[in-house]
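See structure below.
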Amino acid sequence: MLIKGTALVWVGEEEMELAEGGIVFLPKNIPHAYRITSAKADLLMINTPAGIEGMFRHAGRDRAEPRPDGFEISPDRMAEAAEMFGNVILGPPR
């Protein structure tokens, strides 16, 4: 669910534009991607079964701490996190 902002979402061959309040379902084993198209966005993700959160924690940062200058999630770090938690990155991003 996109709480704030705008985004493009791809699920398989389908492309959708999401605005605030927009919801999309991403089925397991169907390639998907998203691109935030606003300056900032807030997302709510619900995953079942659980487990993908480990990938995001490994690749990301602790939001309880200030954002380090120049912080970026590198493609290598994201690929490492995906492999550790059983996900596949098809990349490059759209």
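FYI, side chains are in, hydrogens and waters are out, and symmetry mates aren't considered; it's all heavy atoms of this structure. Remember, it's a predicted structure, so these values are computed and weren't measured experimentally. Along the sequence shown, residues are numbered consecutively beginning with 1.
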Can you give me the closest heavy-atom contact between [X] and [Y], atom names plus distance?
X   : Y   : result
M16 : V11 : CE-CG2, 3.5 Å
Y34 : V9  : CB-CG2, 4.1 Å
G60 : I73 : CA-CD1, 4.0 Å
I30 : G12 : CG2-N, 3.7 Å
M55 : A81 : O-CB, 3.4 Å

Min side-chain heavy-atom separation L43-L2 under 4.5 Å: yes
Are the side chains of M78 and F56 in contact, using a 4.5 Å heavy-atom criterion? yes
Where the side chain of R57 meets the backbone of D62, is there a donor-acceptor pair that is under 3.5 Å apart? no
Is a side-chain donor or acceptor of D76 paired with a backbone partner of S74 at a separation under 3.5 angstrom? no
Side chain to side chain donor-acceptor pair (under 3.5 Å) against S38, all qualifying residues, sequence neighbours excluded: none
For E15, give me all partners under side chain to side chain donor-acceptor pair (under 3.5 Å), at least two apart in sequence or on another chain. W10
Residues at least two apart in sequence or cross-chain that pass salt bridge (Lys or Arg N to Asp or Glu O under 4.0 Å) with E53, listed by chain then number, are none
